[in-house]
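Here's the structure, in structure tokens; my notes come after.
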Protein chains: 2
Amino acid sequence: MKVLIIEDDPLHRSYLNEAIRAALPECDGVLEAENGNAGERLARDCKSEHIVMDLQMNQRNGIEAARTIWKERPETRILFWSNYSDEAYVRGISRIVPGGAVYGYVLKSASDDRLKLALRSIFIESQCVIDREVRGMQQKSLGNVNGFTEAEYEILVDIALGLTDRAIAQRRNLSVRSVQNRLQQLYVKLGVYQPLGSQDDDGRFNLRARAVAVAFLRKLLNHSALERAEGDLSVWLARQPHD
Amino acid sequence: MKVLIIEDDPLHRSYLNEAIRAALPECDGVLEAENGNAGERLARDCKSEHIVMDLQMNQRNGIEAARTIWKERPETRILFWSNYSDEAYVRGISRIVPGGAVYGYVLKSASDDRLKLALRSIFIESQCVIDREVRGMQQKSLGNVNGFTEAEYEILVDIALGLTDRAIAQRRNLSVRSVQNRLQQLYVKLGVYQPLGSQDDDGRFNLRARAVAVAFLRKLLNHSALERAEGDLSVWLARQPHD
DNA sequence: TTGGACCCTGCGGGATCCCGCAGAAAAGAT
DNA sequence: ATCTTTTCTGCGGGATCCCGCAGGGTCCAA
């Protein structure tokens with residue numbers, strides 16, 4: 001059994017390496033990659049099916065890497081080991097995990113033992129391990145209470161990219177009015193909407209821009225999510241006939 | 001001489017601790033704090049004038065901490081030790097460094113020796129040390145070529161927060177039209193402006209939202225900058241009479 | 001079949017944004 | 001002091017956004 005580490009921080013990399021050797025005596029080889037690109041390549045060449053990776057790397061972030069790796073070999077087991085539990089990450093992952101795949105998500109702030117336990121659970125016992133903090137996120141995020149629909153999230157990303165109502169309508173096959181409906185819905189859920197009577201700070205905020213701001217502040221969006229979305233957008237734009 | 005470490009990652013903290021003891025034999029005490037708040041408190045209580053800190057921490061980010069520390073004791077020497085050289089960070093720091101203060105900025109990806117050298121330069125020789133990559137950023141950022149004026153950056157932040165033209169005008173003591181002028185200028189510099197003739201993809205983008213998007217993608221803005229700005233904004237809002 | 005809950009859609013209007021035009025004020029340059 | 005450059009400001013209009021209102025679909029339960 002071989003394990004692949006994808007992590008750009010040398011200190012964390014060597015720490016992981018040690019943890020893996022200690023937790024998995026049956027492991028007979030640890031490979032290391034320091035960014036998403038190298039990681040994808042190594043995973044392909046070495047047919048590694050046990051991966052531990054960071055999200056948030058310079059060259060190519062973890063979610064991108066995971067997506068292509070899982071696309072090529074869906075039964076790969078991946079443990080995400082990250083500093084943060086941004087909703088953007090959690091949502092990004094749940095978007096790309098193949099049906100029935102085994103994966104895990106543990107925070108770097110977790111204890112030594114938790115990490116080792118997670119390694120064994122995922123790679124040996126074939127059991128998913130999600131940090132409770134992340135788990136909480138996930139439930140709040142996907143549950144209806146204060147959670148965002150796929151449609152709402154989608155339109156949030158679209159305005160964050162700077163698309164107009166019309167462009168969004170084209171892209172999502174909707175009428176302009178429907179797009180605006182969804183926007184209103186989004187504004188309400190983000191707590192940005194002023195029900196018309198509040199003299200308090202009426203007219204101070206541009207709802208569209210404000211929605212993006214609070215989404216970022218709440219970590220519903222982050223840099224890597226935006227980058228990913230920008231990539232998708234440019235693909236769509238290229239396929240689009242002018243007008 | 002005592003040195004204070006402010007860094008939320010335990011691995012990096014202990015690595016720093018070792019590096020400091022090795023590089024500075026004249027150092028007779030190393031304190032550690034794991035977030036900005038604790039760091040500020042320790043700096044105040046122990047009158048520590050030699051600090052190494054990370055930017056990007058959970059509780060309270062490095063720039064905030066540095067600002068209050070420098071406000072209380074401007075001659076404090078701070079070495080920023082960070083993963084990234086986002087323009088947002090560089091600009092944020094150059095905004096708050098007191099005149100003539102000694103400070104440094106080295107990336108975590110730098111070699112052992114570079115870090116130790118920087119420690120000696122700053123704490124012993126009273127000499128600023130800025131990583132060359134960061135230096136590059138700084139020049140591009142402050143030089144006129146493709147660099148952003150204080151005014152332009154300010155208005156970028158304002159629209160990123162979701163303020164309307166009118167609110168920005170109030171806040172910055174300008175007419176609405178002037179605000180719009182600055183916005184146009186910003187759009188041009190961000191490469192977002194369409195000179196009216198381009199049938200190419202006219203009307204696809206909402207300039208205001210698009211500007212924010214590309215600013216994020218270029219790391220001209222990041223989460224911590226937005227958080228900081230949001231804080232300032234709420235202070236201003238509280239002082240504002242309704243209407 | 002009827003009724004209700006939900007989403008999509010068109011219409012219309014007020015508010016906001018984007019920006020060309022042109023004069024006034026401020027800051028430098030010669 | 002005069003000229004130049006830059007910035008600020010008002011005016012005006014077209015495009016966009018925000019959203020209430022109302023009609024038309026789909027789906028599910030009664």
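Proteins get letters first, then strands, A, B, ... in listed order; numbering begins at 1 in each.
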Length of the [atom1]-[atom2] vector between [X] and [N], whole Å:
| X | N | atom1 | atom2 | answer |
| --- | --- | --- | --- | --- |
| A:Leu183 | D:dG20 | CG | C1' | 16 Å |
| B:Tyr193 | D:dA15 | OH | P | 15 Å |
| A:Leu186 | D:dC17 | CG | C1' | 15 Å |
| A:Leu207 | C:dC17 | CG | P | 10 Å |
| B:Asp165 | D:dA15 | CG | P | 19 Å |
| A:Ile155 | C:dC7 | CD1 | P | 13 Å |

Would the base of [N] count as contacting [X] through its side chain, where contact means a donor and an acceptor less than 3.5 Å apart?
| X | N | value |
| --- | --- | --- |
| B:Gln180 | C:dC19 | yes |
| B:Arg177 | C:dG23 | no |
| B:Asn181 | D:dT9 | yes |

For this session: Mark yes or no for whether B:Thr149, through its side chain, and B:Glu152, through its backbone, hold a donor-acceptor pair below 3.5 Å.
Result: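 Not a single qualifying donor-acceptor pair exists.
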
Exercise. Are the side chain of B:Arg210 and the backbone N or O of A:Leu161 linked by a donor-acceptor pair below 3.5 Å?
Worked result: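 Indeed, once roles are kept as given, a pair shorter than 3.5 Å links the two residues.
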
Which listed nucleotide ([options]) is nearest to the side chain of [X]?
| X | options | value |
| --- | --- | --- |
| B:Tyr187 | C:dC19, D:dC18, D:dC8 | C:dC19 |
| B:Gln184 | D:dT16, D:dG20, C:dC19 | C:dC19 |
| B:Leu174 | D:dC8, C:dT9, C:dC17 | D:dC8 |

Seminar exercise, completed: By nearest-heavy-atom nucleotide on DNA chain C, the more 5' of A:Val179 and B:Leu163 is A:Val179

Problem set entry | Between B:Arg135 and B:Gln138, a side-chain donor and acceptor under 3.5 Å | yes

For this session: Answer with yes or no whether the side chains of B:Ser85 and B:Glu133 bring together a donor and an acceptor at under 3.5 Å.
Result: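 Looking only at side-chain atoms, B:Ser85 and B:Glu133 do form a donor-acceptor pair, the distance falling under 3.5 Å.
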
For this session: Quick one: do B:Tyr103 and B:Arg77 satisfy side chain to side chain contact (heavy atoms under 4.5 Å, CB included)? Show the steps, please.
Result: CA-CA 5 Å; B:Tyr103 78 102; B:Arg77 296 172 188 187; over 6 Å; no

For this session: Select base, sugar-phosphate, or nothing to describe what A:Arg182 touches, counting heavy atoms under 4.0 Å on all strands.
Result: sugar-phosphate

For this session: Would you indicate what B:Ser178 reaches in the nucleic acid, counting non-hydrogen atoms under 4.0 angstrom: base, sugar-phosphate, or nothing?
Result: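 B:Ser178: base contact, heavy atoms under 4.0 Å.
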
Problem set entry | Short side-chain N/O contact to C:dC8 OP1/OP2 from A:Ser175, under 4.0 Å |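 No.
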
